[in-house]
Amino acid sequence: MTHGRHHHPLEFSQHWRLTLEPGDPPLDWPTLFGNDRPVEVEIGHGKGAFLVDAAVAHPEHNFIGIEWASMRHVYTSERVAKRGLENVRLIRGDAASIFREQIPASSIAIVFSKRPPPTP
């Protein structure tokens, strides 16, 4: 962790981070976001630049960011929290497992990834 970077306790951005466990039921987008807008997913959100820009530019869509790296996941959640982006949620974990176990088939409008998306 870089000293001085965190100005808020980690709980500040907890609202935007989802915790998924093996065996959890599939995600329910209307319950999670409180609306039925289209859901877009970015696999490997890194520090969140694309995800944050997309969420700001398209408030009529919901966004899920999936990232394996813990510090990038936390960094992005802080960026999202500071902007109060209610149309974003973040998941830390393996995208292939998350798609296979938690994302309902045909429930995603668009997947953004530098690699081909995993098959559900």
Side-chain angles (χ1 to χ4, degrees):
M1 177 177 359
T2 304
H3 294 287
R5 190 186 59 129
H6 295 284
H7 300 289
H8 303 282
L10 288 179
E11 293 79 25
F12 168 72
S13 61
Q14 185 60 43
H15 168 74
W16 286 269
R17 297 192 313 258
L18 303 178
T19 302
L20 301 178
E21 300 293 334
D24 281 353
L27 293 165
D28 178 351
W29 306 129
T31 300
L32 183 63
F33 288 104
N35 61 60
D36 62 353
R37 297 176 189 148
V39 177
E40 301 184 15
V41 175
E42 182 182 18
I43 298 172
H45 61 68
K47 293 184 177 180
F50 173 81
L51 190 65
V52 168
D53 288 348
V56 169
H58 298 284
E60 74 280 7
H61 288 198
N62 295 318
F63 294 86
I64 293 289
I66 302 173
E67 176 61 55
W68 179 253
S70 181
M71 288 311 298
R72 288 182 178 180
H73 176 70
V74 170
Y75 182 87
T76 300
S77 68
E78 290 176 348
R79 291 180 81 179
V80 170
K82 285 176 186 174
R83 288 165 182 79
L85 297 174
E86 290 298 327
N87 62 333
V88 177
R89 298 295 184 275
L90 303 168
I91 303 170
R92 183 181 171 271
D94 175 62
S97 297
I98 292 165
F99 267 82
R100 186 174 49 253
E101 298 170 15
Q102 266 90 24
I103 295 181
S106 303
S107 70
I108 303 299
I110 299 173
V111 175
F112 300 97
S113 176
K114 293 178 181 155
R115 298 179 182 178
T119 305

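Computation of the quantities below employed the complete heavy-atom set of this structure, encompassing side-chain atoms and omitting hydrogens, waters and symmetry-equivalent molecules.
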Here the pair of heavy atoms bringing Ile43 nearest to Ala95 is CG2-CB, 3.6 Å

### Query
Do Ile64 and Leu32 come within less than 4.5 Å of each other through their side chains, counting heavy atoms only?
yes

Smallest heavy-atom separation, Ser77 atom then Arg17 atom, equals OG-NH1, 3.1 Å

Residues at least two apart in sequence or cross-chain that pass side chain to side chain donor-acceptor pair (under 3.5 Å) with Glu21, listed by chain then number, are none

Q | Side-chain heavy-atom pair Leu90, Leu51 within 4.5 angstrom cut-off | A | yes

- Any side-chain heavy-atom pair of Val39 and Leu27 under 4.5 Å: no

One should read off an interatomic distance between Leu18 CG and Ile91 CD1, to the nearest 0.5 angstrom, of 5.0 Å

For Glu101, the side-chain contact (heavy atoms from CB on, under 4.5 Å) test, sequence neighbours excluded, returns Ser97

The complete set of side chain to side chain donor-acceptor pair (under 3.5 Å) pairs with one or both residues in residues 42-54, sequence neighbours excluded, reads His45-Thr76

Across all chains, not counting sequence neighbours, the salt bridge (charged side-chain N to carboxylate O under 4.0 Å, His left out) partners of Arg89 are Glu86

Contacts of Ala69 meeting side-chain contact (heavy atoms from CB on, under 4.5 Å) (sequence neighbours excluded), chain-then-number -> Glu67, Arg72

Interatomic distance, CG@Asn87 vs CH2@Trp16, rounded to 0.5 Å, equals 11.0 Å

Contacts of Pro104 meeting side-chain contact (heavy atoms from CB on, under 4.5 Å) (sequence neighbours excluded), chain-then-number -> Pro26, Trp29, Ser107

Heavy atoms of Asp94 and Trp68 approach each other most closely as N-CE3, 3.5 Å

The side-chain contact (heavy atoms from CB on, under 4.5 Å) partners of Asp28 (sequence neighbours excluded) come to Pro30, Thr31

Interatomic distance, CD1@Ile66 vs NE2@His73, rounded to 0.5 Å, equals 11.0 Å

### Message
Given 3.5 Å as the limit, does a donor-acceptor pair link the side chain of Arg79 with the main chain of Tyr75, or not?
### Response
no

By side chain to side chain donor-acceptor pair (under 3.5 Å), Gln102 pairs with (sequence neighbours left out) none

Worksheet entry | Working for side chain to side chain contact (heavy atoms under 4.5 Å, CB included), residues Phe63 and Leu85 | CA-CA 10 Å; Phe63 294 86; Leu85 297 174; over 6 Å; no

Minimal heavy-atom distance between Asp24 and Thr19, with the atoms involved, is OD2-O, 4.1 Å

